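Just so you know, these numbers come straight off a predicted model, no measurement behind them.
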Amino acid sequence: MRTIFQASLSAVSLYSEYFLGLLVSIIIARTLSTEDYGVYSSVIWGAGLITVAINAGLSITVTKFVAEFSLKSEQVLLSFLAFIHHVLVKRIVIVVTLFLSLLLFDIKVMSAPLWLIITVLFCSIFKSFYIFKTSVFKGLQRFDVLAKTSMIANPFNLVCVVFCAYFFPSLESFVLAYCFACLVFFFSVLHFNSQLPSLEKSGDLIVGHKSRIISQIYSASVIIFFGAVVFRQSQVLVLENSGFLSEAGYFNIAFILATSAVTLIPGIYQAVLLPKITQSVGKANLKEGVLQAQRYLLILCLLVLFPVLLYADVVIDILYGERYKDAVFALQVIIILRVLVVINDAANLTLISNDRQKSMAKINFVIFILALLLSYLITPEFGVNGALVVYAVLIIILLLFYNRLAKRDGYCFMAWKVFFTILLSALFALLPTLVINYYFKGVIVAIIGSAIYSIIYLNLLIVTKGYDSSVTNILKQLHSKSPSIIKGYLAWAIRQLST
């Protein structure tokens, strides 16, 4: 039940961040021209890259070691946090110096005025501190704080964007709205700063772990930074610099929607995985935890994958309008790739929990070099379709290498019987929806079709025993507290899963 509670709090954080962020994207895309939205997308990608450059390797290292050291003693945890804070400040100085040097030598960084670029730079620093603080809270499994900060900051962001859309509908105004949101995120988490351990250093109590921490920071920095450059909308920047301004916007929309879709349900479960898998290493039940994670990530991903594939045109038309209909195919491709990434996240977290960041860093560096080559050869020639090909090739290569590397630490993919049981349940559940979609079209049909698919799919998993014993235990707990009208259904589900 604790996992359910944590997932509920994580849901508040994820929903407010991604779906209010999605709403912000919709408002901006509908306000600006397709070309201006493509430029806006590249500027925001550049701002995100500044934040990633500062936090690369730190946030995931903080979450991992806070979860580990919190089980040892508070003094060890305090010493670790003081050390990491010092590293963060040094990283900010380095990134700001490098960025200003690029501007000094008149190297094009973003397609925006100089004053706006500098504003984005310094506001991104505040966003970096926010990410650092939330990483600590995540390692402590204080998902309630993450939920509260999201509920404070994200509505402010939305209000600011709506204000700009009505009174100052320009590219510069929306970028400034993003900068304001960075400040609000920082001050929202600062409000809960008293609930964190003090950063005052109380002796170097991590001396025995320091070499491991530093090694993981360096290797994770390579992984996160090159991963962000390659896999987080980098093709938007390539498309913009190649003159495909509208198509840069299409790719950005597809990426945002696909990310929001996999965040809808799978992201809640995924958000609590790293601290739990890290703790599982010490309890020698890592394999069991990874297999369970794989099963439910697959179940939850398929719950959103097929409706998005089937109704991508309806989603784009309703949310962004007819002007962005060329983003439909990009959405269908990227949602498949994002689902593959989420399902394989158990392999990624297995490597992190077993301190395999050095090997992961080498893989990411090789993929980065390959990305530069493919982006130069393919994307400028074929536009958004070329960008999709490059993105797909890089994702598949990364997943193959990660899976092969994780097997050395005992990682194995779920039993093929379990995999096909879940997949076939989804495919059979899709058949009635396909029939309905053949004869009828529209928003209402998309809603009804998605609901029918979900209901049939989740019930087929009961019949085919696609769930494990954890669901049976949850159903037994719900059975005793449910109204009589639902008890019959729960009793049937329990019998099906228990036989």
Side-chain angles (χ1 to χ4, degrees), residues 1-16 19 141 143-144 147 261-273 276 280 285 288-308 310-311 342-343 414-415 417-436 444-499:
M1 294 301 292
R2 178 174 172 78
T3 300
I4 296 176
F5 178 68
Q6 290 174 344
S8 300
L9 293 175
S10 181
V12 175
S13 175
L14 285 167
Y15 284 169
S16 61
F19 291 104
Q141 299 192 37
F143 294 99
D144 59 317
V262 297
T263 304
L264 177 63
I265 298 175
I268 302 169
Y269 188 87
Q270 185 186 24
V272 299
L273 278 183
K276 291 186 172 298
S280 296
N285 59 350
E288 179 183 344
V290 169
L291 289 174
Q292 185 184 64
Q294 285 180 337
R295 179 192 293 259
Y296 287 105
L297 285 174
L298 176 62
I299 288 172
L300 297 173
C301 281
L302 293 183
L303 184 62
V304 299
L305 172 63
F306 288 117
V308 173
L310 193 60
Y311 299 115
V342 172
I343 293 173
M414 71 181 75
K417 179 181 178 181
V418 175
F419 174 80
F420 283 112
T421 296
I422 297 171
L423 180 61
L424 290 175
S425 296
L427 292 175
F428 277 112
L430 190 63
L431 293 177
T433 306
L434 290 174
V435 173
I436 294 173
I444 303 300
V445 175
I447 296 173
I448 294 174
S450 299
I452 291 174
Y453 164 77
S454 301
I455 293 170
I456 296 175
Y457 171 53
L458 295 175
N459 281 277
L460 277 177
L461 289 174
I462 296 175
V463 175
T464 59
K465 298 181 176 61
Y467 302 115
D468 67 0
S469 58
S470 62
V471 170
T472 307
N473 294 332
I474 293 173
L475 292 176
K476 288 179 179 178
Q477 295 176 29
L478 294 175
H479 182 266
S480 60
K481 304 175 183 179
S482 300
S484 56
I485 192 172
I486 302 177
K487 280 189 175 181
Y489 170 77
L490 294 177
W492 166 79
I494 293 169
R495 286 196 303 273
Q496 287 291 326
L497 294 172
S498 302
T499 55

Asks: With rounding to the nearest 0.5 Å, note down the distance linking CG in Leu427 to CG in Leu460.
Replies: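 Output value for this atom pair is 11.0 Å.
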
Asks: Please confirm whether the backbone N or O of Leu490 pairs with a side-chain atom of Arg495, one donor and one acceptor, at under 3.5 Å?
Replies: no

Asks: On a heavy-atom basis, which atom in Val342 and which in Cys301 lie closest, and how many Å separate them?
Replies: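 Closest approach of Val342 to Cys301, heavy atoms only: CG1-SG, 3.6 Å.
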
Asks: Would you compute the distance between atom OG of Ser425 and atom CD1 of Ile456 and round it to the nearest 0.5 angstrom?
Replies: 11.5 Å

Asks: Which value, rounded to the nearest 0.5 Å, describes the distance between Ile452 atom CD1 and Ile455 atom CD1?
Replies: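 Atom-to-atom, Ile452:CD1 and Ile455:CD1 are 7.5 Å apart.
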
Asks: Would you say the side chain of Trp492 lies within less than 4.5 Å of the side chain of Asn459, judging by non-hydrogen atoms?
Replies: yes

Asks: Testing Leu300, Leu298, Val304 for side chain to side chain contact (heavy atoms under 4.5 Å, CB included) with Leu302, which one passes?
Replies: Leu298

Asks: Check for a donor-acceptor pair, side chain of Thr472 on one end and backbone N or O of Ile494 on the other, with a separation under 3.5 Å.
Replies: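 Flag not set: sc Thr472 to bb Ile494 has no pair under 3.5 Å.
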
Asks: If you look at every heavy atom in Ala426 and Phe306, which pair is closest and at what distance?
Replies: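 Residues Ala426 and Phe306, closest heavy atoms: CB-CE1, 3.8 Å.
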
Asks: Where do Lys465 and Arg295 come nearest, in terms of heavy atoms and distance?
Replies: O-NH1, 4.3 Å

Asks: Do we see a donor-acceptor contact under 3.5 Å between the side chains of Thr464 and Thr421?
Replies: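 Thr464 vs Thr421: no donor-acceptor pair found between side chains.
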
Asks: What class does the angle between the rings of Tyr296 and Tyr467 fall in, given that below 30° is parallel, 30 to 60° is tilted and above 60° is perpendicular?
Replies: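 Rings of Tyr296 and Tyr467: parallel, as their planes differ by under 30°.
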
Asks: Would you call the rings of Tyr457 and Tyr453 parallel, tilted or perpendicular if under 30° counts as parallel and over 60° as perpendicular?
Replies: parallel

Asks: Nearest heavy-atom pair of Tyr311 and Gly449: which atoms, and what distance?
Replies: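 It is OH-CA, 3.6 Å.
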
Asks: Rounded to the nearest 0.5 Å, what's the gap from CG on Leu458 to CG on Leu303? Could you check?
Replies: 5.5 Å

Asks: Less than 4.5 Å apart, any side-chain heavy atom of Leu434 and any of Leu310?
Replies: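 When only atoms from C-beta onward are counted, Leu310 and Leu434 do touch, with a gap below 4.5 Å.
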
Asks: Could you grab the distance from atom CD1 of Ile422 to atom CG of Leu297, nearest 0.5 Å is fine?
Replies: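 One finds 10.5 Å between CD1 of Ile422 and CG of Leu297.
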
